[in-house]
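Quick notes on the structure that follows.
As the structure is a computational prediction, the values presented were derived from the model and not from experiment. Throughout, residue positions are numbered sequentially from 1 according to the sequence presented.
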Amino acid sequence: MIGDVLRHYLPRLRDVRLSHGALIAAGVVAAAVLAITSGPDALRPVQAAADPASNCEVHNRTETFPAGGGHPVKDFFEPGEVVPATSFGHVIGDGYVIVTYRPDLPAEQLAQVRALVTDSTAGRVVGGAAPDQAEAVKAVHAYRTIACDAVDVDAVRGFTREWFADPRSEVGE
């Protein structure tokens, strides 16, 4: 359609091959501009919060979860409960955020993490204990991870909101 409009207004482009060639050239230029402007900044680690005292770091996801399960039977798994790793592997592909925590967290911090995961307004979030995890709390989605040395529910909540605002999070809906 754009080729037809160009042919109508630009006499030199009346040749179909020339008008299609012009469209292809414009597409290549547009693709190059998009590739250059999105570039390596999208892959660079960023600080989780503007607060320099934040104990959290956001980086590209390196964590893996085994596939093969369905959706977990509940959203939050307490310390000592078996975390359904294959179910977590399934839902990360559905756009969920997976929150893991050290099982030795003090009761107050554990309650904060539980409240974050089970909050009905939080969206598609599941969580459970990760005994071998060094960080106090970690949240993972399909592309990124936030890892916090101390429980920082506000940083994790912001990370989660940012993901659910991203159109790529809508995969499983």
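- With hydrogens and angles disregarded, a donor-acceptor distance shorter than 3.5 Å links the side chain of Ser87 to the backbone of Gly70.
- Looking at heavy atoms from C-beta onward, Glu135 lies out of side-chain contact with Arg102 at the 4.5 angstrom threshold.
- In this structure, the side chain of Asp119 engages the main chain of Thr121 through a donor-acceptor pair within 3.5 Å.
- For residues 101-132, the ring pair (Phe, Tyr, Trp, His ring centres under 6.0 Å) pairs, not counting sequence neighbours, are Phe76-Tyr101.
- Closest non-hydrogen pair, Phe65 versus Gly89, comes out as CB-CA, 3.4 Å.
- Side chains of Asp166 and His141: no donor on one and acceptor on the other come within 3.5 Å.
- Using a distance-only test at 3.5 Å, with no hydrogens or angles considered, a donor-acceptor pair links the side chain of His90 to the main chain of Gly69.
- Judged by a 6.0 Å distance limit and a 45° cone about the ring axis, Arg168 is positioned over the six-membered ring of Tyr143.
- The OG atom of Ser120 sits 10.0 Å away from atom CG of Asp75, with the distance rounded to the nearest 0.5 Å.
- Checked by atom type and distance alone, the side chain of Trp163 pairs as donor or acceptor with a backbone atom of Gly95 at under 3.5 Å.
- Put simply, the side chain of Phe164 does not reach to within 4.5 Å of the side chain of Glu170, judged on heavy atoms.
- Residues Lys138 and Glu57 are not paired through a salt bridge, judged by the lack of any N-O separation under 4.0 Å between the basic side chain and the carboxylate.
- Taking the charged nitrogens against the carboxylate oxygens, Glu162 and Arg144 have no contact shorter than 4.0 Å, which rules out a salt bridge.
- Using a 4.5 Å heavy-atom cutoff, the side chains of Val113 and Leu105 are in contact.
- Within the structure, the disulfide (SG to SG under 2.5 Å) test picks out the following pairs touching residues 108-166 (sequence neighbours left out): Cys56-Cys148.
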